[in-house]
Amino acid sequence: MADLKKKFLDVYSVLKSDLLEDTAFEFTDDSRKWVEKMLDYNVPGGKLNRGLSVIDSLSLLKDGKELTADEIFKASALGWCIEWLQAYFLVLDDIMDGSHTRRGQPCWYNLEKVGMIAINDGILLRNHITRILKKYFRPESYYVDLLDLFNEVEFQTASGQMIDLITTLVGEKDLSKYSLSIHRRIVQYKTAYYSFYLPVACALLMVGENLDKHVDVKKILIDMGIYFQVQDDYLDCYADPEVLGKIGTDIQDFKCSWLVVKALELCNEEQKKILYENYGKDNAACIAKIKALYNDLKLEEVFLEYEKTSYEKLTTSIAAHPSKAVQGVLLSFLGKIYKRQK
């Protein structure tokens, strides 16, 4: 795995060099330095799970046959396209949310001399994806399908972000807007498509599959993405910050979290009053009242029951798939997230 990650990071260097020498634009020294710094700051800093999943998925779809150097390079390039997409979303998301830090360092737009130039950097990040696809995939029979796939997933993610933003308008904190169906829709479109479906769809296209014939695979991966986000919401409140690597802030940030949605569903009128009065306030006493209410409603047990049911449904759906190779890909994804602690 360490060797695979090293190869993957090597491909980042190749793609970055390509983009800094792109003949469609006449770079100045300053603009080339800017783009290089912007890429290094925003693209390779995360866990890289989405990108590495393309290589994993391709290997499993080929029944574990050793991938050629060209296949590893192309799968890595597609994996990086997903990481570029993630960087594009995050750079703009941080501006919209007024966030201060990302991945343990100041958000890109908060850096001196960057500011709102970050909006244009986000646009550049998105355009880099089509430059990479054009350079390495134009001769491939699935090139147009790849373009379609990235365009569609970007549209779905931006639409999910829109629902999230208009449901949590600053100055209009209204818990009555929150429901399980709204939570599901935000999560499905904002996270599940690009984090779970996109890496597998890229691998399926590489082995010559028609994505229209894999609607069932998409559904399973979207359900998995929703389960993953519910876990995230749960861990934000209940995980040990030392293990999680951060202190959860969903309560004070007025997030449309699975926990608050379930609390609204289960609480009585008196408890609802506590929720309305304390949720979304950056105050230690208010946060403590919400956590105490979650405990009174036994939300930890409710989550564990949800996790058990979700896992059973997912494994049943996966077992029903006719292809053992596709089953392997789906089980690999599920294995990485089931019962995770961070």
Side-chain angles (χ1 to χ4, degrees), residues 8 11-27 31-51 53-54 74-97 99 102-103 107-111 114-138 140 142-165 186 189-199 201-202 205 211 225:
F8 187 63
V11 173
Y12 168 74
S13 302
V14 174
L15 299 177
K16 183 175 79 168
S17 297
D18 290 342
L19 294 164
L20 295 175
E21 301 299 331
D22 196 321
T23 55
F25 176 68
E26 202 174 313
F27 280 92
S31 60
R32 188 176 277 113
K33 278 179 194 156
W34 180 278
V35 174
E36 180 165 25
K37 182 184 174 185
M38 185 269 288
L39 289 177
D40 287 344
Y41 198 88
N42 293 296
V43 179
K47 295 189 281 284
L48 308 178
N49 289 341
R50 293 168 183 84
S53 293
V54 181
K74 282 202 165 75
S76 298
L78 289 178
W80 279 114
C81 284
I82 299 172
E83 295 295 336
W84 247 268
L85 190 70
Q86 157 98 329
Y88 153 60
F89 291 143
L90 297 185
V91 164
L92 297 182
D93 192 47
D94 286 341
I95 297 170
M96 287 181 261
D97 289 350
S99 300
R102 167 72 64 186
R103 295 168 176 167
C107 298
W108 175 244
Y109 83 98
N110 276 327
L111 293 193
V114 178
M116 290 304 111
I117 297 171
I119 296 171
N120 194 64
D121 291 332
I123 296 166
L124 274 177
L125 287 163
R126 175 60 184 98
N127 277 272
H128 286 166
I129 297 166
T130 47
R131 309 304 294 167
I132 294 166
L133 294 177
K134 183 179 178 184
K135 171 148 190 173
Y136 291 103
F137 296 91
R138 200 171 184 183
E140 303 293 342
Y142 54 88
Y143 174 59
V144 173
D145 293 321
L146 271 179
L147 291 175
D148 270 353
L149 175 65
F150 274 88
N151 286 338
E152 183 137 320
V153 168
E154 181 193 8
F155 168 69
Q156 288 164 322
T157 310
S159 299
Q161 169 76 339
M162 182 250 314
I163 296 174
D164 193 11
L165 291 166
I186 291 170
Y189 289 102
K190 189 179 169 180
T191 303
Y193 277 100
Y194 91 93
S195 299
F196 283 79
Y197 174 60
L198 185 55
C202 285
L205 288 175
L211 294 181

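Nothing fancy with the numbering, it's 1 onward along the sequence. Values below: all heavy atoms of this structure, side chains included; hydrogens, waters and symmetry mates excluded.
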Should [X] and [Y] count as side-chain neighbours, where that means a heavy-atom distance under 4.5 Å?
X	Y	result
Trp108	Ile117	no
Leu125	Val91	yes
Val153	Gln156	yes
Thr130	Arg126	yes
Val35	Asp121	no

- Query: Would Glu83 and Tyr12 count as having a side-chain donor-acceptor pair, cut-off 3.5 Å?
  - Reply: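 Per modelled atom types, Glu83 and Tyr12 side chains form no pair under 3.5 Å.
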- Query: Which class fits the ring pair Tyr189 and Tyr193: parallel under 30°, tilted 30 to 60°, perpendicular over 60°?
  - Reply: parallel
- Task: Can you label the angle between the His128 ring and the Trp84 ring as parallel, tilted or perpendicular, going by 30° and 60°?
- Result: perpendicular
- Item | side-chain contact (heavy atoms from CB on, under 4.5 Å) between Lys134 and Leu147, worked out | CA-CA 9 Å; Lys134 183 179 178 184; Leu147 291 175; over 6 Å; no
For [X] and [Y], work out which heavy atoms get closest and say how close.
X	Y	value
Val11	Ser76	CG2-CB, 3.6 Å
Ile132	Phe137	O-CD1, 4.3 Å
Leu198	Leu85	CD2-CD2, 3.8 Å
Tyr194	Lys190	CE2-O, 3.3 Å
Leu149	Tyr197	CD1-CE2, 3.8 Å
Cys81	Leu133	SG-CD2, 3.9 Å

Crowded around [X] [atom1]? As in, over 12 foreign heavy atoms under 6.0 Å?
X	atom1	result
Gln161	CD	yes
Phe155	CZ	no
Arg103	CZ	yes

Check for a donor-acceptor pair, side chain of [X] on one end and backbone N or O of [Y] on the other, with a separation under 3.5 Å.
X	Y	answer
Asn127	Ile123	yes
Tyr109	Ser99	yes
Trp80	Phe8	yes

- Query: Going through the distances and angles, do Arg131 and Leu19 end up as a side-chain contact (heavy atoms from CB on, under 4.5 Å)?
  - Reply: CA-CA 8 Å; Arg131 309 304 294 167; Leu19 294 164; 3.8 Å; yes
- Message: Taking the basic N atoms (NZ, or NE/NH1/NH2) and the acidic carboxylate oxygens, is any pair closer than 4.0 Å for Lys16 and Asp40?
- Response: yes
Interatomic distance, [X] atom [atom1] to [Y] atom [atom2] [nearest 0.5 angstrom]:
X	Y	atom1	atom2	value
Ser13	Asp18	OG	CG	11.0 Å
Tyr136	Leu78	OH	CG	12.0 Å
Ile95	Leu90	CD1	CG	11.5 Å

- Trace of the side-chain contact (heavy atoms from CB on, under 4.5 Å) decision for Phe150 with Cys202: CA-CA 9 Å; Phe150 274 88; Cys202 285; 3.9 Å; yes
When the side chains of residues 42-50 are checked against the rest of the protein, which donor-acceptor pairs come out under 3.5 Å, sequence neighbours left out?
from: Asn42; atom 1: ND2; to: Met38; atom 2: O; distance (Å): 2.9
from: Arg50; atom 1: NE; to: Ser195; atom 2: OG; distance (Å): 2.8
from: Arg50; atom 1: NH2; to: Ser195; atom 2: OG; distance (Å): 3.0

- List the steps and the verdict of side-chain contact (heavy atoms from CB on, under 4.5 Å) for Tyr88 and Leu124. CA-CA 8 Å; Tyr88 153 60; Leu124 274 177; over 6 Å; no
